[in-house]
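Values below: every heavy atom of this structure, side chains too, minus hydrogens, waters and symmetry copies.
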Amino acid sequence: MTATAEGKTGTPLHRALKGERPTTAADHSRELATVLLAWYAENRRKLPWREHPTPYWVFVSEMMLQQTRVDTVIPYFLRFVSRFSTPADLASAPEEEVLKAWEGLGYYRRAKNLKRAMEQVEQRHNGEIPTSYEALIALPGVGPYMAGAILSIAFNLRYPAIDGNVQRVFARLFALPQPSGSPALQKSVHQLVEAVLPSKAPGAFNQALMDLGATLCLPRDPVCSVCPLRETCAAFQEGQPTAYPTTTPRPHLPEVPRIALLLRCAGEIAVEQRPTAGLLGGLWQLPSRDLQPSQPPDKAVAAWLLENEIASPKPPRYLGRIRHTFTHLRWVMEVFEVCPTSFVQGQGLHWVSPDELRQLTLPKAYHKALALAGLKL
DNA sequence: GAAACGTGGCC
DNA sequence: TGGCCAAGTTT
């Protein structure tokens, strides 16, 4: 074991946890927990799901919070648990309604998994969120983080809940060299958290680490001056807290050229449903298609109209360009308006009124596209 | 291990 | 603007 592989050894806590002073490791762990829990008692964020941390509320909030900021989640959470108050409510709700409640939050598979998970809770667990790691992680959409968060927060059981905040806090505390987000960092942090996690208040401890990461140990500008762990933080002692966790630059996003058609006929609008799997699976959109980089958008529109046997007295009107960036690609979508002479059926096209359109779940990119034509949902 | 999977805020 | 990042999971 080299210092490089294990991180640098600047603090008593670190030396103790590495086993150099085994008789004091437990003492240092207790001290860390004590300091952290005292800080948390004074500085914990007031969040809706913390008011009544029922297993269901914790479950819903954790699913929404995956890769999503607290401020973004709060209004969605309040609406969601108001509309779907219990696991039974959610299990029996139509999926379209659940997706609509999720609209704008992103990662829509979470919404489907959440509903499926509650169906399984109803069918296999007597309507109660299970209290074992094995049963939880078997539910769709529940991984190691969520299982640990539910067990520790809702049931006060001693399980780690290691999210991005905790990884960053520990990468700095112990000057861990593994790259951000890597399985290697995940493993190192898990071992360290396991060594430090108290059995007394594991839920508070896990949330304290997350709150510390979200309010003080920030990615860009950490507020070390008021951090309760400053003295035992290896990155702070090195003078370079933001050097951890180490990062690797991301490759340039591929750009996907694309057309979208606003077909309007007698006050109705044509929409189509995306395939169930993959990007924005099962959501609705204006009729669209990806283009080859060399393909002129206006020619692609003409070809699309021809293929679908759509006659239009006036030529398509160009409405504008929508650029929409996802995690792994970027759409550059040219939007055209067409007024066909009649409703065209088949080809997966559905004609809906504006009121009906409002019931469907549309990705953000299409809200932008509709706004080009002055249509707001 | 790597890639897919949404969106909004920040600089 | 463009890149980074956020209470991760799945394939």
Exercise. Under 6.0 Å from the CD atom of A:Glu356, do we count more than 12 heavy atoms belonging to anything else shown?
Worked result: yes

Exercise. Salt-bridged, A:Arg44 to A:Asp211, with N to O below 4.0 Å?
Worked result: no

Exercise. Does a side-chain N-to-carboxylate-O contact under 4.0 Å join A:Glu272 and A:Arg289?
Worked result: no

Exercise. Pairs counted as Watson-Crick or G-U wobble with both distances under 3.5 Å: what dot-bracket string results for DNA chain B, using | for bases tied to another strand?
Worked result: .||||.|||||

Exercise. Per the ring-ring contact (aromatic ring centres under 6.0 Å, His included) rule, which among A:Phe84, A:Phe59, A:Trp49 passes with A:Phe77?
Worked result: A:Trp49

Exercise. Should the pair A:Glu97-A:Arg83 be classified as a salt bridge under the 4.0 Å nitrogen-to-oxygen rule?
Worked result: yes

For this session: Between C:dA7 and B:dA2, how far apart are the P atoms? Round to whole Å, please.
Result: 23 Å

For this session: Please check if any side-chain donor atom of A:Tyr244 sits under 3.5 Å from a side-chain acceptor atom of A:Glu238, or the reverse.
Result: yes

Exercise. Should the pair A:His324 and A:Phe326 be assigned to parallel (<30°), tilted (30 to 60°) or perpendicular (>60°) ring geometry?
Worked result: perpendicular

Exercise. Which letter, B, S or -, goes with each nucleotide of nucleotides 4-11 of chain C from 5' to 3', with contact meaning a protein heavy atom under 4.0 Å?
Worked result: SBBBBBS-

Exercise. Below 6.0 angstrom between ring centroids: does that apply to A:Trp284 and A:Tyr366?
Worked result: no

Exercise. Hey, does A:Leu329 reach any base, or is it just sugar-phosphate, or nothing, if we go heavy atoms under 4.0 Å?
Worked result: nothing

For this session: Under 4.0 Å between any heavy atoms, over every strand shown, what does A:His252 touch: base, sugar-phosphate, or nothing? Just pick one.
Result: sugar-phosphate

Exercise. Would you call A:Asp71 and A:Arg45 a salt bridge, taking side-chain N to carboxylate O under 4.0 Å as the test?
Worked result: no

Exercise. What interatomic distance, in whole Å, is found between P of C:dT11 and the corresponding atom of B:dG6?
Worked result: 14 Å

For this session: Please figure out whether A:Phe326 or A:Ala184 has its closest DNA chain B nucleotide nearer the 5' end.
Result: A:Ala184

Seminar exercise, completed: Min and max contacting nt of DNA chain B in 5' to 3' order, chain A heavy atoms within under 4.0 angstrom, are B:dG1 to B:dC10

Problem set entry | Integer angstrom distance from the P of C:dC4 to that of B:dA3 | 15 Å

Problem set entry | NZ or CZ of A:Arg79 within 45° of A:Tyr76 ring axis and under 6.0 Å | yes

Problem set entry | Test log, rule salt bridge (Lys or Arg N to Asp or Glu O under 4.0 Å), inputs A:Lys46 and A:Glu51 | CA-CA 8 Å; A:Lys46 293 182 184 9; A:Glu51 302 299 320; over 6 Å; no

